[in-house]
Structures are given as structure tokens and as C-alpha cells.
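To start, the structure itself, in C-alpha cells.
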Amino acid sequence: MFEVVIGLEVHVQLNTKTKLFCSCPTSFDEEPNSNTCPTCLALPGALPVVNKEALIKAMRFGYAINAKVNETSFFDRKSYFYPDSPSAYQITQLYKAIVKDGELFINDSDGKKKRVEIYQAHLEADAGKSMHEGNISKVDLNRAGTPLLEIVSGPDMRSASEAIEYLKKLHTLVRYLDISDANMQEGSFRCDVNVSIRPKGQKEFGTRVEIKNINSFKFVNQAIDYEVERQIEAWEDGVYEDEVWQETRLFDVQSGKTKSMRGKEEAADYRYFPDPDIRPVIVTEEMIEEAKKIPELPDDKIARYMSELKLKEYDASVIVAQKELAQYFEEMLNSKIEAKNASTWLINELLGRLNKESLDITQSPIEAKILAQLISKIEDGTISGKGAKDILDYLMENPNDNIDDIIEKLGLKQVSDDGAILAIIDEILASNQDKVAEYKAGKEKLFGFFVGQTMKASRGSANPQKVNELLKSRLS
Ligand code: ADP
Ligand code: ZN
Ligand code: MG
């Protein structure tokens, strides 16, 4: 009955060494106000100089999303007074941003590829931080002037899950491009969510509200769900015009609700004008060349894993979603094991065990080449899959032990020797002659019984593939 419309504005903190307009370091967790200088303190007479590394990183993002990278762009002043912004304006790009008209592809709710437009990505300076302690408020300007890339999507998402999918792809992309650490807890990747509804079939968009500054996928999801429900309810109660208007809202983590913060400013409220202290940005050939140094992008990697390594799309996507996971996987493949086995053991077995201990792949006690070595022992028949799982459990606790020693210690070496297995099989068949007769008379499902008995008699050590082969030949 209703269609949900969502557009996202994401602020990505660029991982440059220095701030956007001065040479103060961008390092985190320093003594308050120690990373400051006359420029980022906005002292009169100090002049900003644009950071080339930030420009190149913004450009690299532009090339990665098939955007137009403007050879000339400008910085503008957006006026607002706030204690953690000493200049009383923010330097941003409004009239001509460095990156225009890009795209990102997501899987929509039906699993089809969907293009999301990226209107623009512009550079701007972050504000400082206010800290409130009882009656006192303090300001720390270490973050003031840190470069942000604001990435503005079209109103193209149609559900909370599409919005999350878009955010995750963007998050993965900026980490692959190495332009941001995109650490959400530390606020290096945060987003404003614009939400509206309209009756299905209606052309015009409904009134949108903007929910500011959310820094987790879960909260984005909750905020959208709450907001959609609020707007639909208002519509159904006939009070849409009164209760849904263009405003800025805040998401309250405790209650899971959005709350009105202020009416949405119009551009005019900000008295935007070109910053007279900053010259136009003109990109050089050298900068273009540097910006075009782009690693294999996530979507290309997924496609390659599917075509070259024959992985399923789902598995390829899981591995590629996290840069370090893909690195781990590729390191496993250096040991010349089957890609399919590497993927299954990584996703189903190692990640499962890491999850249980709340570890991520970068904290894995087991190195890629050790997991690969374990898999090669399955591939060459030394151990069974079941045995390998036991060894993996053991390795989680004792990551430095040698795999051959563990196999020995846990008695997991498989018997693949024909003679030894045949001896067991013959014993089983001899003591079950009635069943053998039934089998030969056509009761074929008894085959499983013989396999089970043989495995049991070998205490699980017989190579199951061998058992199958040898039983077949004995019974035929
Ligand atoms: P403004 O200039 O007021 O910030 P923009 O055109 O830049 O507005 O849009 C800001 C964000 O809001 C964009 O991400 C856009 O996709 C989104 N948006 C615009 N209209 C709607 C709507 N009706 N519903 C949901 N999102 C919208
Ligand atoms: Zn500074
Ligand atoms: Mg905007």
C-alpha cells in the first residue's frame, strides 16, 4: 500500500596524515587541543591550504564509483554557530564538488542488481567535540578540520534492508580503497538517513525527514523502521500533514525512537558563499594518475571468485565483504588447496569458532597457512573432515602446535590402506551373512548399514571414501 523512499548522506573520515587545511596531525586519542594551530583554531589572519592527500583520496573514490571527477572545484562557507566550530562556519563544497554523478550497485530485496545513484561526494572539514561534565562544558578541537568526504545518494532505496545493503557496500568500498578506516564506533563512518513514504503508484515523493548522525547499521535499521511506522500511522490517522514535515530528527538509542530536533534548515539559512580564502582546486595530471591507483574492487573480486574459483555468489560475497577476510582467504590459496574447500572451512568452521569467542578474522589465533595446511591433510586423505574439526578445536586453544603432532596425539590418522580396511569389511560381512543375502536379493539400502558397521569397527579411522569403494567391490 505504501512505498518507502530512503536517501543517505554518509560522512566518511578520510585517513590522511594531516587535517584538511593545515598540517596538524589527525591522530586519535591525544591530549585535548594539542593537535591544533592558528588555522584550525580559526585565528584571524591564518590561511587554509588544501590538503593534496585528501583531494587524491576523494578523487580515488570518484573513479571507483564511475563518477565525474571535476578538474576544477571550489570550497564554500556554510555558516552556523556552534561552540565546537571556532570559525562559526564550516568549510564544505556546495556549488561545485570534486566528485559528481557516480553509482553503486546493490542487491535489492528480490536479489536483483539495483543501481543507486550517488549525486555527489564533497570534501568538508569536521567540527571539534564538546564534552559535558556536570555544569561544565569543555571543547576539544583536535578533530576540528579533519577531512570528511560526504557521500550523498539519490532517494533510491526502497526498504531498510536496501539502505543497510548500500551502507555495507560503501563501507567495504572505502576500506578497500584505503581512504578511511571507517571505524563506526569511533565515528569515522556515520550517516544521515532521509526517509519518506508515498502511496504505491504515486509519482511525487512524500515529505522527508532527516535522521542525523547514526553510527551503526543496527541503529539505521531501527530508526528507519520506527520512522516508517510513524509516518504510515500519521497517514492512516489523517494527520500526515500535521505530523510529518521536513525536519531534522534524532535517533534515541535507549527507546529506539526518533525525536524531533529542529526544523530542517533551508540552504538559505546557512548563507553559503564561496570561501574567499581558498583558491579554486585544480587537479593536475600527476594527481589523476595517483588517484587512479585503485586495487581490485569488491564487486570485481566477487565476480572473479565466481568465475575463476567457482565459488557461489553468497560465499564470495561473505568473504569479500571484509577486506581482511579476503586477504586471509587469498593467503590460504597460496598453499594450493581447493578454493571450494578453503571457502567452506573459512566461512563455516573458522568464522563459526571465532564468532563464538567474539573475535574477528584479524584476531584469529589460527593463521591462514595453518588452516590451509589442515585442509591439505583432508585433501590427501590423511585425516577425515570430522577429524579436521577436532583438530581445529584443538588449534583454537593451542595455535602453535604442529598439525602432524596433533594428528598423532589425538589418534586421528585415517586408515586408507586397502588391506587393513578389507580385513574389517570381511569380518563385518562374515558376521552379517543374513543381511548380505538380503542385500544381494535387492534390499540396497542395507549398503549404509555395512558402511556404518565398518566405520564403527575402525573407530572412525577408516577413510570413508575407501570404505565405500571397497564395500561396493566386495558386495558386487
Ligand atoms: P538538501 O539539499 O536539502 O540537503 P538534497 O537534495 O541534497 O537535499 O538531498 C539530501 C538527501 O535526501 C539525499 O540523499 C536525497 O537522496 C534524499 N532525499 C531527497 N528527497 C527525499 C525523499 N522525498 N525521501 C527520502 N529521501 C530523500
Ligand atoms: Zn591545525
Ligand atoms: Mg544535503
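Numbering of ligands and ligand atoms starts at 1, following listing order. Only a predicted model underlies this, so the values are computations on that prediction, with no experimental measurement involved.
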Response to the item:
Contacts of A58 meeting side-chain contact (heavy atoms from CB on, under 4.5 Å) (sequence neighbours excluded), chain-then-number -> I98, L123, L149
Worksheet entry | Ligand-side contact atoms (ligand 1) for residue partner F205, heavy atom cut-off under 4.0 Å | 23 (N)
Item to complete: Quick one: look at D156 and ligand 1, take heavy-atom pairs under 4.0 Å, and tell me if it's side chain, backbone, both or neither.
Response: neither
Worksheet item: Do any N/O atoms on R208 end up under 3.5 angstrom from N/O atoms on ligand 1?
Response: yes
Item to complete: Spell out the protein N/O/S atoms under 2.8 Å from the Zn ion (ligand 2) as residue plus atom name.
Response: C22 SG, C24 SG, C37 SG, C40 SG
Discussion item. Taking the six-membered ring of Y89 as reference, does the cationic atom of K78 (NZ for Lys, CZ for Arg) lie under 6.0 Å from its centre and within 45° of its axis?
Written reply: no
Item to complete: List for me each residue that meets side-chain contact (heavy atoms from CB on, under 4.5 Å) alongside E313, sequence neighbours excluded, and say none if there are none.
Response: N107, K113, M306, S317
Worksheet item: Of all the atoms in ligand 1, which lie at a distance below 4.0 Å from a heavy atom belonging to V152?
Response: 13 (C), 14 (O)
Discussion item. Filter on ring pair (Phe, Tyr, Trp, His ring centres under 6.0 Å), then keep only pairs touching residues 223-244, sequence neighbours left out; what's left?
Written reply: F2-W235, W235-Y240
Discussion item. Do the side chains of D126 and R143 get close enough for a salt bridge, i.e. N-O under 4.0 angstrom?
Written reply: yes
Worksheet item: Can a salt bridge be assigned to the pair K301 and E330 using a cut-off of 4.0 Å between side-chain N and carboxylate O?
Response: yes
Discussion item. Closer than 4.0 Å to some heavy atom of V5 - which atoms of ligand 1 meet that?
Written reply: 24 (N), 25 (C)
Practice prompt. On the 0 to 90° scale, with breaks at 30° and 60°, tag the F219-F251 ring pair as parallel, tilted or perpendicular.
Written response: tilted
Discussion item. Taking 4.0 angstrom as the limit and counting only heavy atoms of G206, give me the atoms of ligand 1 inside it, by number and element.
Written reply: 23 (N)
Discussion item. Quick test of your reading of the model: are D156 and K114 salt-bridged, counting only N-O distances below 4.0 Å?
Written reply: no
Worksheet item: Are T18 and N51 close enough, and set up right, to give a side chain to side chain donor-acceptor pair (under 3.5 Å), and what steps lead you there?
Response: CA-CA 8 Å; T18 56; N51 179 337; 3.2 Å; yes
Response to the item:
Judged by heavy atoms only, the candidate from S196, G154, S153, P155 nearest atom 14 (O) of ligand 1 is S153
